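Quick notes on the structure that follows.
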Amino acid sequence: MFNKKYTDFSEELFTETLSNGLTVNLLPKKGFHKTYAIFTTNFGSMDNQMLINGNVEEVPAGTAHFLEHKLFEKKDYDAFELFSSNGADSNAFTSYSRTSYLFSATSNLRDNLNSLLDFVQIPYFSEKSVKKEQGIIGQEIEMYNDDPDWQLYMGILRNLFPEQALSTDIAGTVSSISEITPEILYKIHSQFYHPSNMNLFMAGNFNPNEAMGWIKNNQEQKSFSNFPDIKRTENINKAPIDSGEIVLEVARPKIMLGIKNIRLIPFDKKEKLRFLIALDLAFYLLLSSSSQTYLKLYDQRILDDSFGYEVNSEREFVFVTIGGDTENPERFEDAMRVALSKPDWSLLTSDFELAKREMIGRSISKMNSLEAIANSFEGKEYGNSTIFDEAKIYQNIKIDEVQKAFNWLMDGNKISSFRIKRK
């Protein structure tokens, strides 16, 4: 095992890539009684079209999320019930670029670890269970269709990523999931749930040598086909749509702006994480609830405490969403465009040091959460950086890096808007 010491935080991370390609990260935490493990595959809802061994393959929208649901149900048992019988809580989630399965427990660690590895790596799908799941997820999709805030978010994504996978709900549509079959699920599972495309991160109360031995023993009892050559082919660089709107029964109008630079992030691995932290700091300085812009527009009643923004990154690209409820959508949009057009960074220098200290504090606070430590691990995409690397970046980042990251995003960008008008 390779071990990396974070002496500033008195932490040590043990890492090993097994012979079958699975990357395992173990972070023992002294003084904790609980252990948290998360098992992740590099396959999410945006992976609808790929080149697999040179052949174009497409899957229905929502396949990643559907597969996540179906892996819990086996021929003769339910994985949720198995974890419960061993005193563990389990769950899973699907994002645009990955799918993760997890458990937390204070006892029976070896049994729960084997359960996690087995239920994710040994699939079972039948026509009957797939049909039943299509009904369950279909209801989930229709429920979200009634949520105005979700409709606002999906509206801006459709503007930013027209005719691309990101413009579709992670769960897919009622129509798209009706096309999913057991054969599709088995095929996708064999391709994307290969150990070489996955990582396991465990944090908490355990001996790393003992835990690694358990994992190796589990993996040595399984065989996998060769990992295919996978290339993502979706063109994410299509120009955004300027604006859009719908009419719904809402108490107040809603608006969301989206910013997308059609170029790819100019860095990779740890430099990519540093770039995204710089970009996040830029928007914190400009739009957080303590920023001059927020306070000014709040006093003018152009925005309220429903206001929020988010810097999103998925693999090699980034986009930002800014929105909230307002009686003045036009003034809201105009004010945001002005605030983002030419920020005076010299006026933000003093705020920058305060922002850095707050972010460092947040990172250190998250180090007390096993879930935050493990969930923040993004794998190879960010050079296997951890929350401890993130804290170190916050400590030495400079304001000119923040300014450069912001200018890169805004240079040649197109701001799109989406509104929900009151019926």
Side-chain angles (χ1 to χ4, degrees), residues 148-149 151-153 155-157 159-160 240 242-245 248 250-261 275-313 318-363 394 397-422:
D149 289 321
Q151 289 303 313
L152 182 70
Y153 183 66
I156 198 64
L157 287 191
N159 280 5
L160 292 177
D242 288 341
S243 62
E245 65 179 35
L248 293 175
V250 291
R252 303 183 71 203
K254 297 175 183 289
I255 182 169
M256 186 165 280
L257 306 184
I259 306 168
K260 169 192 161 190
N261 193 316
F275 171 83
L276 292 172
I277 283 176
L279 193 60
D280 196 51
L281 270 170
F283 278 89
Y284 181 86
L285 288 169
L286 294 171
L287 299 178
S288 72
S289 59
S290 59
S291 69
Q292 298 165 28
T293 299
Y294 179 94
L295 297 173
K296 176 184 170 185
L297 299 180
Y298 188 91
D299 289 342
Q300 294 176 357
R301 298 188 177 183
I302 295 175
L303 55 78
D304 60 19
D305 55 10
S306 67
F307 175 82
Y309 70 92
E310 191 169 3
V311 179
N312 307 271
S313 63
V318 62
F319 65 97
V320 178
T321 55
I322 305 164
D325 300 348
T326 177
E327 293 292 345
N328 299 290
E330 292 79 13
R331 291 183 66 192
F332 181 105
E333 182 168 350
D334 291 345
M336 284 300 131
R337 286 180 182 274
V338 169
L340 298 172
S341 59
K342 288 183 179 178
D344 188 341
W345 295 100
S346 65
L347 298 177
L348 298 170
T349 303
S350 58
D351 294 343
F352 174 67
E353 293 303 322
L354 285 173
K356 274 180 60 173
R357 283 200 284 272
E358 178 167 342
M359 295 304 175
I360 293 167
R362 288 185 188 182
S363 292
Y394 276 121
I397 200 165
K398 309 296 183 189
I399 193 168
D400 64 322
E401 294 177 73
V402 172
Q403 185 175 350
K404 285 179 183 176
F406 180 81
N407 289 342
W408 177 87
L409 178 72
M410 302 303 290
D411 182 22
N413 80 86
K414 198 164 189 176
I415 298 180
S416 177
S417 68
F418 190 83
R419 302 180 187 191
I420 294 184
K421 300 176 76 172
R422 188 166 42 204

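When reading the values below, keep in mind they use all heavy atoms of this one structure, side chains included, and skip hydrogens, waters and symmetry mates. Because the structure is predicted, anything quoted here is derived from the model rather than measured.
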- So with a 6.0 Å cut-off around CZ of Arg301, is the heavy-atom count from everything else above 12? no
| message | Less than 6.0 angstrom separating the ring centers of Phe283 and Phe406, yes or no? | response | yes
inquiry  = Is there a side chain to side chain donor-acceptor pair (under 3.5 Å) between Ser291 and Thr293? Walk through the geometry before answering.
reply    = CA-CA 5 Å; Ser291 69; Thr293 299; 4.9 Å; no
Heavy-atom closest pair (Met410 atom, Ile415 atom, distance to 0.1 Å) is CE-CD1, 4.3 Å
Looking only at heavy atoms, the pair that brings Ala355 and Leu285 closest together is CB-CD2, 4.0 Å
task = Would you please test Met359 and Arg362 for side-chain contact (heavy atoms from CB on, under 4.5 Å) and show each step?
result = CA-CA 5 Å; Met359 295 304 175; Arg362 288 185 188 182; 4.0 Å; yes
Going by the angle between their ring planes, with limits at 30° and 60°, are Phe275 and Trp408 parallel, tilted or perpendicular?
perpendicular
### Message
Is it the case that the side chain of Lys254 and the backbone of Asp149 share a donor-acceptor pair, with hydrogens and angles ignored and the cut-off at 3.5 Å?
### Response
no
Between the CD1 atom in Ile259 and the CG atom in Leu160, the distance rounded to the nearest 0.5 Å is 9.0 Å
**Asked** Looking at Phe352 versus Trp345, is the centre-to-centre ring distance below 6.0 Å?
**Response** no
Is a donor on one side and an acceptor on the other found under 3.5 Å between the side chain of Ser243 and the backbone of Ser417?
no
Between Asp411 and Asn261, the two heavy atoms sitting closest are O-ND2, 3.2 Å
Nearest heavy-atom contact between Pro148 and Val250 is CB-CG1, 3.7 Å
Just so I know, are the side chains of Met336 and Leu303 near enough to count as touching, which here means a heavy-atom distance under 4.5 Å? yes
Do we see a donor-acceptor contact under 3.5 Å between the side chains of Thr326 and Asn328?
no
Rounded to the nearest 0.5 Å, the OG1 atom of Thr349 sits from the CG atom of Leu354 at a distance of 11.5 Å
message = Determine whether Leu340 and Ile322 satisfy the following criterion, side-chain contact (heavy atoms from CB on, under 4.5 Å), listing intermediate values before the conclusion.
response = CA-CA 11 Å; Leu340 298 172; Ile322 305 164; 3.8 Å; yes
**SB check Arg419 Glu333 (cutoff 4.0 Å)** = yes
In terms of heavy-atom contacts, Tyr394 and Lys356 come closest through O-CE, 3.1 Å
Value for OH (Tyr294) from OG (Ser288), rounded to nearest 0.5 Å, stands at 9.5 Å
CG (Leu157) and NZ (Lys260) are apart, to the nearest 0.5 Å, by 10.5 Å
